[in-house]
Amino acid sequence: MKCPSCGKNASGKFCSHCGQSLQSQSCGDCGAPLAGGARFCTQCGKAVGGGAPAGPAKKRGGASGDVDGSKNLGWWAAGATMVLLMVIFMMPILRPEAQAPLPGQPGGPPLGSPSGGTGGPVDIQNMSPREAADRLFNRVMTAASSGNVAEMTQFLPMAIQSYDMARPLDQDGFFHLSLLHQQGEDWAAALAAAEEGLATYPNHLLNLSAAGNSAAGLGDQEQARSFFQRFLDAYEEESVLELPEYQAHQNMFADMKVAAEEYVGG
């Protein structure tokens with residue numbers, strides 16, 4: 001069907017381009033059917049108010065009314081979440097071919113710092129689940145580095161969920177997921193993500209560092225020291241490898257090495 005707001009092809013309950021509701025409504029005054037997005041009733045001329053589609057009145061206090069009300073609330077909450085995610089991904093963000101290097105990438109700012117630049121909106125339909133997760137990761141880390149706790153808190157759960165939806169993850173994905181959990185101070189989940197990556201690549205420097213930090217956050221000094229020692233033992237051989245994630249986060253390695261040496265030594 002055509003979206004009544006933007007005119008583009010759309011399906012489901014909400015337009016993926018502008019977020020407009022596609023559900024039919026009924027006029028609350030005369031009961032005539034209304035097209036999705038209609039602002040006035042074509043039968044009586046009454047203005048259509050916002051909120052849920054009008055329908056038969058539900059009795060308050062009755063068992064049946066309570067159940068129906070709970071179902072309606074659940075459906076509208078889910079719909080609101082869908083619209084919020086669409087709005088987030090429709091915000092002006094950089095196209096890969098035109099953007100400056102992202103945080104942590106060669107030539108770019110440190111991980112979690114603003115990437116800068118401007119660009120047009122990116123349609124969520126053209127993004128893979130992993131691309132969407134990485135965009136949210138950069139947004140969370142940028143907010144954290146700038147001290148914007150409100151924005152970090154807002155986007156952190158979405159970023160974590162996005163990586164879970166993008167599975168199976170590579171080593172860089174597990175590292176990002178561990179860092180996100182660390183931002184939320186969920187040290188157990190952060191350690192689990194890093195260890196999941198280490199299960200297939202035991203000497204991966206990024207996940208060894210993330211595992212050490214997570215174990216330290218849990219207060220397990222012995223386990224943290226073990227991960228940091230493994231990091232130091234593997235550093236010389238691993239750090240020269242031209243892995244994409246190593247190159248993307250190369251500017252973090254020196255600080256990781258210093259932190260590991262300090263923890264193991266003291």
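Heads up: numbering here begins at 1 and tracks the sequence.
A 4.5 Å side-chain heavy-atom check between Arg230 and Leu205 finds every atom pair outside the cut-off. Contact of the Phe137 side chain with the Leu177 side chain is not registered, since no non-hydrogen atoms from C-beta on lie closer than 4.5 Å. When side chains are defined from C-beta on, Leu191 does not count as touching Asp220, because their heavy atoms never get closer than 4.5 Å. Side-chain contact between Asn148 and Met152 is absent, with no heavy atoms from C-beta onward closer than 4.5 Å. Between Phe227 and Leu198, some side-chain heavy-atom pair lies under the 4.5 Å cut-off.
The heavy-atom pair separating Met252 from Phe175 by the smallest distance is CE-CZ, 4.0 Å. Of all heavy-atom pairs spanning Ala132 and Met127, the tightest one is CA-CE, 3.5 Å. Of all non-hydrogen atoms in Gly212 and Phe228, the two that sit nearest each other are C-CZ, 3.4 Å. Taking all atoms of both residues into account, the shortest heavy-atom contact from Ala216 to Ala224 is N-CB, 3.6 Å. Nearest heavy-atom pair, Gln182 versus Ala210, reported as atom, atom and distance to 0.1 Å: NE2-O, 3.5 Å. Pairing each heavy atom of Asp170 with each of Gly173, the nearest pair is OD1-N, 2.7 Å.
Atom CH2 of residue Trp187 and atom NE2 of residue His181 lie 12.0 Å apart, to the nearest 0.5 angstrom. Interatomic distance, CE of Met158 versus OG of Ser162, reported as 9.0 Å (0.5 Å rounding). In this structure, Phe231 CZ and Asn213 CG are separated by 10.0 Å, a value rounded to the nearest 0.5 Å. Glu261 CD to Lys257 NZ: the interatomic distance, rounded to the nearest 0.5 Å, is 3.5 Å. Rounded to the nearest 0.5 angstrom, Leu208 CG and Gln229 CD are separated by 11.0 Å. To the nearest 0.5 angstrom, Leu169 atom CG is 8.0 Å from Tyr163 atom OH.
Listed by first then second residue, pairs satisfying side chain to side chain donor-acceptor pair (under 3.5 Å) with a partner in residues 189-200 read Arg167-Glu196, Gln171-Thr200, not counting sequence neighbours.
When atom types are taken as modelled, the side chain of Ser178 and the backbone of Phe174 share no donor-acceptor pair closer than 3.5 angstrom. A donor-acceptor contact shorter than 3.5 Å is absent between the side chain of Ser226 and the backbone of Glu222. For the pair Ser146 (side chain) and Ala143 (backbone), a donor-acceptor distance under 3.5 Å is present.
Partners of Asp233 by salt bridge (charged side-chain N to carboxylate O under 4.0 Å, His left out), not counting sequence neighbours: none found. Shown here are the ring pair (Phe, Tyr, Trp, His ring centres under 6.0 Å) partners of His204, two or more places apart in sequence or in another chain: Tyr201, Tyr246.
If you chain together hydrophobic residues whose side chains sit under 4.5 Å apart, Leu218 and Leu180 fall into the same group. Hydrophobic clustering places Leu241 together with Met256 (ILVMFWY residues linked when any side-chain heavy atoms are closer than 4.5 Å, directly or through intermediates).
Ring planes of His176 and His249: perpendicular class, angle over 60° (limits at 30 and 60°).
Taking the charged nitrogens against the carboxylate oxygens, Asp134 and Arg139 have no contact shorter than 4.0 Å, which rules out a salt bridge.
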